[in-house]
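Because the structure is a prediction, the values reported are computed rather than measured.
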Amino acid sequence: MVESEDITIEELSTENTREDVKGMVRKLSENEWEIPVEHIPNMRVPGRLFVSESLLEGIEPGTIDQIANVSTLPGIQKYSMAMPDAHLGYGFAIGGVAAFDVEEGIISPGGVGFDINCGVRLIRTNLQKEEVVPNIKRLTDELFSNVPAGVGSKSRLRASDKELDSAFLEGARWAVEAGYGVEADFEHCEANGYMEGADPSQVSTKARNRGKPQLGTLGSGNHFLEVQYVDKIYDQEIASTFGLQEGQVTVMVHCGSRGAGHQICTDHLKELSQAVKNYKIEIPDKQLACAPAQSKEAQNYFKAMLCAANYAWANRQIITHWTRESFEKVFGRDADDLGMDLLYDVAHNVAKLEKHIVDGRKKEVYVHRKGATRAFPSGHPEVPAVYRDVGQPVLIPGSMGTPSFILCGSEESMNISFGSACHGAGRVMSRAHAKKEFRGQSIKENLEARGITVRATHPSVIAEEAPDVYKSSSKVVNVVHELGIARKVAKVLPLGVTKG
DNA sequence: ATGTTC
């Protein structure tokens with residue numbers, strides 16, 4: 001068992017050996033591994049890891065322990081899961097999915113993560129690669145100057161308290177009404193770009209003060225704004241429904257709720273660390289702080305989490321608007337003429353109340369997805385009408401200089417993963433290690449030699465995000481494709497990327 | 001991920 005309090009993630013990951021991990025799991029199929037209930041005391045259900053044998057070798061033993069730890073929480077359904085990109089996180093593994101009964105279960109901030117509603121959106125264009133390549137440096141510069149990036153970066157938008165409340169309550173819908181986009185944008189977001197039930201009175205002044213100047217900023221770390229082109233189509237029919245074809249230029253935005261979400265998570269973790277004692281819930285790791293789903297403490301967290309989720313959707317919407325303006329300036333045509341429609345926007349760090357079939361019966365569960373993307377199949381009422389015949393788009397970002405993937409939610413997701421798929425390529429090297437190993441300037445030169453323009457706030461950002469510090473996104477995506485959770489539709493490659 | 005250790 002891992003008691004991860006006071007232990008840094010890097011310390012845990014140094015214990016990694018492949019033999020340790022193989023001894024902890026039992027093979028169920030090519031891509032499914034069980035962590036038996038004997039792994040640690042008090043597991044209520046087994047753990048299940050969706051991973052290929054080759055990716056299993058890169059999973060830290062601590063990640064297996066974290067999956068097992070989650071299975072001890074009250075009301076957990078079926079099994080505690082992790083996707084092929086799983087790695088160590090705060091309490092719950094990143095790549096983790098867990099569903100808890102609406103009455104008997106719990107809600108836990110650790111199951112959502114600090115960057116609440118970190119997510120990805122993809123904007124189509126009708127430009128071809130050949131039209132963009134000659135302009136890529138100017139375009140990337142324009143995007144870098146129009147969309148503030150970096151730790152603590154401040155937005156060009158000076159949000160008032162009233163506007164912040166609107167972002168908390170109405171997410172992307174508010175941003176569109178405020179002039180940052182068109183109606184079709186929020187209609188092409190998961191949950192229409194905002195979830196009901198947010199309550200700004202559950203957001204501290206500190207979280208508000210951090211969030212206000214950052215509404216409309218990219219942030220840092222693995223977040224990015226990237227100009228790409230479609231390199232390969234795997235499924236012609238679904239690609240056509242998604243409006244994608246080979247050679248077409250797309251734009252991907254990967255970011256979240258910035259300091260607001262981080263502070264909301266921090267604030268409510270404090271409350272829930274007390275609550276877990278008051279309700280006498282036994283947890284194997286203090287980072288699994290939680291409360292009964294219907295308790296005041298859990299619901300207060302959930303209402304604040306919804307504010308951060310909506311803020312993140314508003315944030316990505318505002319960035320989309322400035323992205324369109326940047327293209328308009330460089331190409332001298334308006335965004336509508338450039339065909340800059342939003343394909344879709346997905347959340348990969350959020351908890352949601354959903355209906356799922358468990359043991360043959362439909363029931364309501366709080367599905368926690370932390371570094372996992374919803375992947376609802378065709379016919380699901382929550383999939384936008386334009387995609388309902390094929391399934392929802394599942395957007396999987398790569399790391400800097402590596403491919404990203406567009407998939408389509410598929411039937412097996414509802415049978416085996418509570419409607420979830422992976423979210424990207426997990427790190428294999430710490431930021432500190434990466435900074436020692438790589439020099440930003442030479443990574444940048446290598447990328448430019450491959451035709452990829454990079455603009456970052458500092459060379460160290462490029463070193464920390466070097467392509468080699470991440471797992472292969474292709475291998476991760478192949479696992480969910482083979483399992484039938486989400487089907488591969490297209491691969492996109494980077495042309496220009498901005499990073500904080 | 002994060003005013004990268006309130």
Side-chain angles (χ1 to χ4, degrees), chain A residues 4-11 13 66 85-96 108-120 148-155 203-225 253-271 273 287 304-305 308-309 311-313 315-316 319 346-351 368-373 397 399-400 423-427 429-436 440 456-465 469-470 499-500:
Chain A
S4 41
E5 196 197 26
D6 298 327
I7 302 176
T8 69
I9 282 170
E10 275 124 58
E11 280 170 305
S13 57
Q66 288 190 324
D85 45 344
H87 55 112
L88 284 159
Y90 180 92
F92 290 61
I94 295 163
S108 175
V112 171
F114 278 83
D115 191 4
I116 297 165
N117 192 4
C118 182
V120 184
V151 178
S153 59
K154 292 207 163 82
S155 178
V203 178
S204 69
T205 304
K206 200 170 174 182
R208 294 181 68 92
N209 289 342
R210 287 182 71 176
K212 226 179 348 175
Q214 295 180 334
L215 188 56
T217 61
L218 195 59
S220 158
N222 64 0
H223 291 164
F224 63 74
L225 171 54
V253 181
H254 178 203
C255 66
S257 52
R258 309 287 284 105
H262 193 275
Q263 192 62 46
I264 284 168
C265 182
T266 303
D267 292 339
H268 285 266
L269 270 172
K270 268 181 217 157
E271 297 291 318
S273 299
Q287 294 185 353
M305 182 211 75
Y311 176 104
W313 272 310
N315 193 31
R316 291 196 285 274
I319 289 171
V346 299
H348 57 221
N349 278 12
V350 82
H368 292 57
R369 296 190 183 91
K370 181 194 196 170
T373 314
S399 53
M400 190 174 57
H423 87 305
R427 288 191 86 84
M429 191 187 290
S430 71
R431 294 187 177 280
H433 189 169
K435 274 196 275 196
K436 276 186 224 161
T457 49
H458 194 272
S460 64
V461 170
I462 300 177
E464 288 178 19
E465 292 291 314
V469 311
Y470 286 94
K499 294 192 69 79

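The ring of A/His423 has its center no closer than 6.0 angstrom to the ring center of A/His254.
Whole-Å rounding puts the A/Leu269 CG to B/dT2 P distance at 16 Å. We find that CD1 of A/Ile94 is positioned 13 Å from P of B/dT2, with the value rounded to whole Å. Atom CZ of A/Arg258 and atom C1' of B/dT2 are 8 Å apart (whole Å). When rounded to the nearest whole Å, the span between CG of A/Asp267 and P of B/dT2 equals 16 Å. Between A/Tyr90 atom OH and B/dT5 atom P the separation is 15 Å, expressed in whole Å. Protein atom NE2 of A/His262 is 9 Å distant from nucleotide atom P of B/dC6, rounded to whole Å. One atom, NZ of A/Lys499, and another, P of B/dT2, lie 11 Å apart when rounded to the nearest Å. Atom pair A/Gln214:CD and B/dT2:P shows a separation of 8 Å (rounding to whole Å applied).
Side-chain contact between A/Ser257 and A/Asp115 is present, with at least one heavy-atom pair separated by less than 4.5 Å.
Listed nucleotides: B/dC6, B/dT4, B/dT2. Nearest to the side chain of A/Lys206: B/dC6.
The side chain of A/Arg431 contributes no N or O atom lying less than 4.0 Å from OP1 or OP2 of B/dT4.
Counting non-hydrogen atoms under 4.0 angstrom, A/Gly221 reaches the backbone sugars and phosphates but no base. Within 4.0 Å of A/Ser257, counting heavy atoms only, lies no atom of the nucleic acid at all.
A side-chain donor-acceptor contact under 3.5 Å links A/Tyr311 to the backbone of A/Leu215.
Here the options are A/Asn117, A/Val203, A/Asn349, A/Val112, the test is side-chain contact (heavy atoms from CB on, under 4.5 Å), and the partner is A/Met305; only A/Val112 passes.
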